[in-house]
There are 2 protein chains.
Amino acid sequence: MTKPFSIAEVAADAGVSPTTVSHALSGKRAVSKATRERIQASVERLNYRPNMVAKGLRSQRTNTIALLVADITNPYYPAVARSVHDVLTKDGYFAFIVNTDGDPTSERNALREMLARSVDGVIMQPMSTTVEEMRSIVGPAMPLVVIGDKKGAQDADQVLTDDAMGIHECMRYLAGKGNTEIAFISGPPGNGPGDTRLAAFRDALAAVKLPVREDWIDRTPYTRDGGAVAGMRMLARAERPRAIMCANDLIAIGVMDAARAANLRIPDDIAIVGFDNIETADLVSPRLTTVDNPAASVGEACATALLRRITDGRDAPHQVIALPTKLIARESA
Amino acid sequence: MTKPFSIAEVAADAGVSPTTVSHALSGKRAVSKATRERIQASVERLNYRPNMVAKGLRSQRTNTIALLVADITNPYYPAVARSVHDVLTKDGYFAFIVNTDGDPTSERNALREMLARSVDGVIMQPMSTTVEEMRSIVGPAMPLVVIGDKKGAQDADQVLTDDAMGIHECMRYLAGKGNTEIAFISGPPGNGPGDTRLAAFRDALAAVKLPVREDWIDRTPYTRDGGAVAGMRMLARAERPRAIMCANDLIAIGVMDAARAANLRIPDDIAIVGFDNIETADLVSPRLTTVDNPAASVGEACATALLRRITDGRDAPHQVIALPTKLIARESA
DNA sequence: GCACCCTTGCAAATCGATTTGCATATCTTG
DNA sequence: CAAGATATGCAAATCGATTTGCAAGGGTGC
C-alpha cells in the first residue's frame, strides 16, 4: 500500500459500514461480539490506524500540544522538554517544539501558527510577550501553561519556580563569605526570567544590607557568548565587582571564559554564580556554584497542568504551581 | 471569539462564497481586484488563518514533520534539532520531536503514531530498527531521512557522518603518542552509531597495526551514568587499558567520573576520548579529546534533504549526504 | 399473537478548506 | 453586432472519522 487504510476500507473488508467500525473501535455503542471480532481481524490484517488529522478535524482535538522555548540548545530546555514528553506520551499526546529566540515577533508568530494547527494546548516560557498578549493571540479557550511569570495568572495556568528563594540564599552565602561587591548580569529586558531574577537580586542584596550598584548591572543574551561579552565588559570596568551573579548558567559559563581571558582566578579574584544548575554546571572547572532550577519537575508540572486543563475545560480553577529553588554551592563562589 | 474564524465566516463577512475566498487567497484562480481587496480586508479584520487540520485533511499535506531521536537530553540532539528547526521554519514546517530511548518498541510506535498524524516526512536516527523495518512501517511513500546508517540506502535518504575518518585519525594520534592498549566502550548493540563506530575502531586499530582485545570492548547506554558504570567495569579489570575511546561524549564523561573515582590521572594513567564534540566536551576538566560530529550541518542536511524529497516526490534519485568528522585533540588524551 | 423494547446496523451530516464543473457576465474581434 | 474568448462567481464533492437519527431484526412479556 502506498497510503494507510481508511475506515471505509476496513468496513468493506469486514463487510460492514464505517459507522459500525467506528462504534466497534470506540465502544460508544454496542456491537455484537461476532461483528466486533470480524472488524478487529480486519483492523489487524490491514494494520489500520485512524487518521488523526481527520479525527482532529471532526473532534476538534488533535492530541497535540506546543512547547515554545527560547532555544532548545540551552540545556535547561531539553530537560524540561524531556519530562513534558514523558508525561504527554502516556496520554497519546505529542509536542511541537518551537524555538522563539525570545524574540517578540517569533513568539507571536509561533503562537499563531500553533493555533492554526489546532493544538490542544500550549506550554511556553515567555521572554518578550506578556501573558495577556499571548492570551489575546490564542483566544480565551486555549489551554495555556506559562513557565515562570507570576503576572497574568488570571490568563493562564502557571508553573513558577521560586527564584527569589534561591537568590536570597545565594546572597546570604556570598555575603557570609565576605563578598560585598556583587554584580548581576541579566538577560535581555522583556518578560523573561532574567527580569524576575534581577528583581530578586535587588531584594536579596537589600536583605543582606548591601547596596545595589546600577553600573554593576548588565544585560546580555542568555548564551555562553552573551556571557563572555558581558563578562569582558564588566571586568574591564575601572571599579570591578568581586562577585558576579548571572541570570542563567550559560551566561555564567561565558563570564568564566571572560575571567580566564582576563587572567583572573575564580573564585579568588572574581566569584561567579549561575542559575539553573544545568548538567554542565557540575562539569566546568572550577565547578559552578549555582541555583538549582528543577527542570524535570517544571516539565512534569507543566504537562500535568496542561493535560488537566485540557480535560477539565476552561472553567476549572486556575492552577498556580510553585516549585522551590535552592543554592548549590560548588567551587566558583 | 472562542474559536478561530472559518473561511465561511470570512466569506459571509465579505459577501462572497467560500470558494472565492479560497481562490483569492491561494491565487489559483483570478479574482477581481475589488473582491480581492474586500476579502483581504475581512481576513485582516477577523484575523483569519486557514485551519491547518482541515487543510491537511483535504490536501494530504500537513506541513509537519517528525524528528525521532533517542533522547533530547543528550546535547548532540538539540544541536541537530535546532538547525532542523531553522530550515523547516523558513518553509512553514513544524516538527514533532519524539524521544525513543533507542528502544525498538518505542521507535516503532513513534513511527506509527507519526504516520497516523500524517506527517509529511520523518527524520530519524535509528538505534534498534533497520531502515527496512522503518520503511515497512511508514510505507513506501513517506519521505524519510535517516541519520548515519549506510545500510538501507535504497529505502531512505541518508545523512551520514564519516565516523571512520575521525576514528582513524584518532587512533593514529593515540598510537603516535605511544598508546598501544586501547579499549572501546560502545553503545547498546542494535543499529545505532555505536556499532558503526566500534567497527571503525577495529579497522583503525588494525590500520595502525595494533591488536584488538575483545575483553577491552564493552557496551553501555549512551549516557553519563552508562559511561560511569562501564568505566568502573573497565578500570576494575586485572589488565587495564591505557586509553579508552567511547562511542559518544556522554559515555566519555562518565568514564572520566569513573577514572576520578578510581584515583587515576587523566590522561597520564588513562587517556579518554569521546565522540560528538558536544559543547560540554570543551568545558570538562581535563578538556575532552573527541571526534567532531558536525551536529548543525547534520541537522541542516537532514532538513534540506527531507524538504527536497517532499517536493520532488518519491521517484527523485536517492540522496546520500556524507559529512566529514575530525579529531579535536584536547587534554584528555 | 400483539405490543414493546433492546440490540445492531446503516445513511447522512459534520468538521474546514480545496477544487472541479457549471453558469453568468464582460470583453474582443472580424 | 454576432460569436467566441475571457473573467468571475457559486454549488457541490472531497479528504477520513465521528455521531445522530432512523429502521430492521430478535426477543420478551402478558
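In what follows, chains carry the letters A, B, and so on, assigned in the order in which the sequence lines appear, proteins first and then strands, with residues in each chain numbered from 1. Scope of the values below: all heavy atoms of this structure, side chains included, with no hydrogens, waters or symmetry mates.
Pairs passing the salt bridge (Lys or Arg N to Asp or Glu O under 4.0 Å) check and including a residue from residues 38-50 of chain A, sequence neighbours excluded, read A:Asp13-A:Arg45. Residue pairs that meet the salt bridge (Lys or Arg N to Asp or Glu O under 4.0 Å) test with at least one member in residues 53-67 of chain A, sequence neighbours left out, are A:Arg61-A:Asp120. Screening residues 123-139 of chain B for salt bridge (Lys or Arg N to Asp or Glu O under 4.0 Å), with sequence neighbours left out, gives B:Arg108-B:Glu133.
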With 3.5 Å as the limit, what N/O pairs link the protein to nucleotides 14-16 of chain D?
| residue | atom | partner | partner atom | Å |
| --- | --- | --- | --- | --- |
| D:dT14 | O2 | B:Arg58 | NH1 | 2.7 |
| D:dC15 | O3' | B:Gln60 | NE2 | 3.1 |
| D:dC15 | O2 | B:Arg58 | N | 3.3 |
| D:dG16 | OP1 | A:Lys3 | NZ | 3.0 |
| D:dG16 | OP1 | B:Gln60 | NE2 | 3.4 |
| D:dG16 | N2 | A:Ala54 | O | 3.3 |

Mark up nucleotides 6-12 of chain C, 5' to 3', with B wherever a protein heavy atom is under 4.0 angstrom from a base atom, S wherever such an atom reaches only the sugar-phosphate, and - elsewhere. --SBBBB

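A:Leu25 has its CG atom 10 Å from the P atom of D:dA17, to the nearest Å. The interatomic distance linking B:Glu9 (CD) with C:dA17 (C1') rounds to 13 Å, in whole Å. Atom-to-atom, NZ of B:Lys28 to C1' of C:dG21 comes out at 17 Å; the value is rounded to the nearest Å.
Residues that satisfy the side chain to side chain contact (heavy atoms under 4.5 Å, CB included) test with A:Pro18, not counting sequence neighbours, are A:Ile7, A:Ala11. Residues satisfying the side chain to side chain contact (heavy atoms under 4.5 Å, CB included) test with A:Lys90, not counting sequence neighbours, are none. A:Ser128 meets the side chain to side chain contact (heavy atoms under 4.5 Å, CB included) test with A:Pro104, A:Glu107; sequence neighbours excluded. B:Asp101 pairs by the salt bridge (Lys or Arg N to Asp or Glu O under 4.0 Å) definition with A:Arg82, not counting sequence neighbours. Residues passing the salt bridge (Lys or Arg N to Asp or Glu O under 4.0 Å) test with B:Arg117, sequence neighbours excluded: B:Glu113.
Taking five base pairs at each end of the helix from C:dG1-D:dC30 to C:dG30-D:dC1 and finding the rotation axis that steps the C1' atoms of four pairs onto the next four gives two axes whose angle is 50°, to the nearest 10°.
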Apply the test side chain to side chain donor-acceptor pair (under 3.5 Å) to residues A:Tyr48 and A:Glu9: give CA-CA distance (whole Å), side-chain angles for both, the deciding distance (0.1 Å), then the verdict. CA-CA 9 Å; A:Tyr48 169 74; A:Glu9 293 165 298; over 6 Å; no

Sequence neighbours left out, cut at 3.5 Å: what donor-acceptor pairs do the side chains of residues 303-310 of chain A make with other protein atoms?
| residue | atom | partner | partner atom | Å |
| --- | --- | --- | --- | --- |
| A:Thr304 | OG1 | A:Glu300 | O | 2.6 |
| A:Arg308 | NE | A:Gln319 | OE1 | 3.1 |
| A:Arg309 | NE | A:Asp157 | OD2 | 2.7 |
| A:Arg309 | NH1 | A:Gly313 | O | 3.0 |
| A:Arg309 | NH1 | A:Ala316 | O | 3.0 |
| A:Arg309 | NH2 | A:Asp157 | OD1 | 2.8 |
| A:Arg309 | NH2 | A:Asp157 | OD2 | 3.4 |
| A:Arg309 | NH2 | A:Pro317 | O | 3.0 |

